[in-house]
Amino acid sequence: MKQVEITTIVKKNLKEIDNILSKQGFKIIRKSNIKDRYMSQETKKLNKDNIIEILSKSLIIRYLNVNNKDIIKKLTYKNKNINNNKLLTEEKIDINVDDLDKTERLLSAVGFEKLIDVNYDVIVYQKDNLEFAFQQVEGLGLLLEYESTKDYENYTNNEILEEKKKMIDEVKKYNIDISNDFDIKKAFELIKKRFD
């Protein structure tokens, strides 16, 4: 299944968002804490012009704590379809792991190094079949991630971009003040800051 999502900057704080959404019948269904460590074999080649390329070949060691009770540990690769620096679709390949330290040591043994850590808290709001995930990202601010439930396997690049614009419009219908940029990548933005 080819997944399409948007990630955009939220221009209000979480308290304001909670007030806006709760008045419209949205409920909090999940709270999570996520710690992602991006590992790459090309860390030494990193420069301001090849961030996306390096990230696209990276593996992610993920610690996920859902509702302060369910702990999930994964090794993830995101196979991304990128066109003109815009993420069109991605397919995730996840492997559950028991020990994150051993996973990192194994990757280090075969030439992977830490590229960046991305830490964030997530609050997911739901109304009917619609879910909005608000992510408070260390060093970046508040983002909104919205994933479509459709399968985009046979869509063209232009059709996917149009779908993403429709997703932005849908979010705005709920009075959520967001940017028009629908392709904010957390790791990319944090790495880019190193070169600013």
Side-chain angles (χ1 to χ4, degrees), residues 1-12 14 17 20-21 24 26-32 34 36 38 40 50-60 62 64 66 72 74-96 115-116 118 120-137 140-192:
M1 176 171 168
K2 280 198 175 175
Q3 181 181 23
V4 168
E5 66 183 37
I6 59 169
T7 305
T8 185
I9 295 170
V10 180
K11 298 179 181 177
K12 296 195 178 290
L14 203 47
I17 293 298
I20 290 166
L21 293 179
Q24 298 178 72
F26 281 85
K27 303 284 184 217
I28 295 173
I29 60 163
R30 187 170 55 256
K31 292 184 178 184
S32 304
I34 299 174
D36 285 342
Y38 285 73
S40 173
N50 68 1
I51 300 170
I52 289 177
E53 179 187 336
I54 301 288
L55 281 170
S56 70
K57 299 174 188 171
S58 298
L59 297 176
I60 304 166
R62 172 168 284 182
L64 171 61
V66 181
I72 300 165
K74 298 180 188 183
L75 179 62
T76 299
Y77 174 71
K78 294 181 180 181
N79 186 12
K80 297 182 179 202
N81 175 12
I82 298 171
N83 186 359
N84 293 326
N85 287 334
K86 292 289 182 196
L87 174 65
L88 298 176
T89 60
E90 76 178 14
E91 295 175 272
K92 294 178 187 171
I93 302 168
D94 289 320
I95 300 170
N96 290 326
L115 183 60
I116 192 163
V118 180
Y120 53 106
D121 293 314
V122 182
I123 298 178
V124 180
Y125 288 82
Q126 182 183 49
K127 180 180 177 182
D128 303 323
N129 290 327
L130 190 63
E131 287 187 12
F132 295 143
F134 291 88
Q135 305 172 340
Q136 188 66 51
V137 184
L140 205 53
L142 187 61
L143 303 177
L144 166 65
E145 184 177 277
Y146 169 33
E147 296 181 3
S148 175
T149 55
K150 286 189 209 176
D151 184 354
Y152 290 87
E153 187 66 41
N154 297 313
Y155 280 63
T156 67
N157 291 350
N158 286 336
E159 288 171 331
I160 289 170
L161 289 173
E162 284 304 311
E163 287 288 310
K164 287 186 171 219
K165 289 175 188 169
K166 288 178 190 173
M167 291 169 74
I168 285 283
D169 291 340
E170 185 171 5
V171 170
K172 288 182 176 181
K173 285 193 299 191
Y174 294 96
N175 299 317
I176 302 170
D177 193 7
I178 56 175
S179 71
N180 288 322
D181 186 351
F182 51 74
D183 197 25
I184 303 296
K185 296 176 238 23
K186 294 176 283 292
F188 172 83
E189 295 296 332
L190 289 168
I191 292 171
K192 192 174 91 170

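When the salt bridge (Lys or Arg N to Asp or Glu O under 4.0 Å) test is applied to K12, no partner is found at least two apart in sequence or on another chain. Residues meeting the side chain to side chain donor-acceptor pair (under 3.5 Å) test with Y38, sequence neighbours left out: none. Partners of F134 by ring-ring contact (aromatic ring centres under 6.0 Å, His included), not counting sequence neighbours, listed by chain and number: Y125. Residues meeting the side-chain contact (heavy atoms from CB on, under 4.5 Å) test with K192, sequence neighbours left out: I51, F188, E189, D196. Y174 pairs by the ring-ring contact (aromatic ring centres under 6.0 Å, His included) definition with F26, F132, not counting sequence neighbours. Annotation: side chain to side chain donor-acceptor pair (under 3.5 Å) contacts of E170 (sequence neighbours excluded): Y146. Residues forming a salt bridge (Lys or Arg N to Asp or Glu O under 4.0 Å) with E147 (at least two apart in sequence, or on another chain): none. Annotation: salt bridge (Lys or Arg N to Asp or Glu O under 4.0 Å) contacts of E163 (sequence neighbours excluded): K150, K166. Every salt bridge (Lys or Arg N to Asp or Glu O under 4.0 Å) that D94 has, sequence neighbours left out, goes to K74. Residues satisfying the side chain to side chain donor-acceptor pair (under 3.5 Å) criterion with N180, sequence neighbours excluded, are K172. When the side chain to side chain donor-acceptor pair (under 3.5 Å) test is applied to K165, no partner is found at least two apart in sequence or on another chain. For S40, the side-chain contact (heavy atoms from CB on, under 4.5 Å) partners at least two apart in sequence or on another chain are E42, T43, I54, S58, L115.
In terms of heavy atoms, L142 sits closest to L14 at CD2-N, 3.9 Å. Minimum interatomic distance between N154 and E159 (heavy atoms only, all atoms of both residues): O-OE1, 4.2 Å. Pairing each heavy atom of S179 with each of I168, the nearest pair is O-CD1, 3.9 Å. Of all heavy-atom pairs spanning F182 and T8, the tightest one is CA-CB, 4.5 Å. Minimum interatomic distance between V124 and E131 (heavy atoms only, all atoms of both residues): CG1-OE1, 3.8 Å. Of all heavy-atom pairs spanning E5 and E145, the tightest one is OE2-OE1, 3.4 Å.
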Determine, step by step, whether D181 and I9 satisfy the side-chain contact (heavy atoms from CB on, under 4.5 Å) criterion, reporting the C-alpha distance in whole Å, the side-chain angles of both residues, the deciding distance to 0.1 Å, and the verdict. CA-CA 8 Å; D181 186 351; I9 295 170; over 6 Å; no
Should K164 and V4 be marked as a side-chain contact (heavy atoms from CB on, under 4.5 Å) after you check the CA-CA gap, both sets of side-chain angles, and the distance that decides it? CA-CA 8 Å; K164 287 186 171 219; V4 168; 3.7 Å; yes
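Annotation: the span from I176 atom CD1 to I20 atom CD1 amounts to 7.0 Å, rounded to 0.5 Å. In this structure, the separation between CG on N96 and CZ on R62 is 12.0 Å, given to the nearest 0.5 Å. Taking CG of L143 as the reference point, atom CD1 of I6 lies at 11.5 Å (rounded to 0.5 Å). Rounding to the nearest 0.5 Å gives a distance of 9.0 Å between CE of M167 and OG1 of T7. Rounded to the nearest 0.5 Å, atoms CD (E162) and OG1 (T156) are 9.5 Å apart.
Side-chain contact, Q24 with K127: no donor N or O sits under 3.5 Å from an acceptor N or O.
Of the possible donor and acceptor atoms, one in the side chain of D151 sits under 3.5 Å from a partner among the backbone N and O of E153.
The shortest side-chain heavy-atom distance between K186 and D36 does not fall under the 4.5 Å cut-off. Here the side chains of I17 and L144 are not in contact, with every heavy-atom distance at 4.5 Å or above.
More than 12 heavy atoms of other residues, nucleotides or ligands lie within 6.0 Å of NZ in K92, so this atom counts as buried by the packing criterion.
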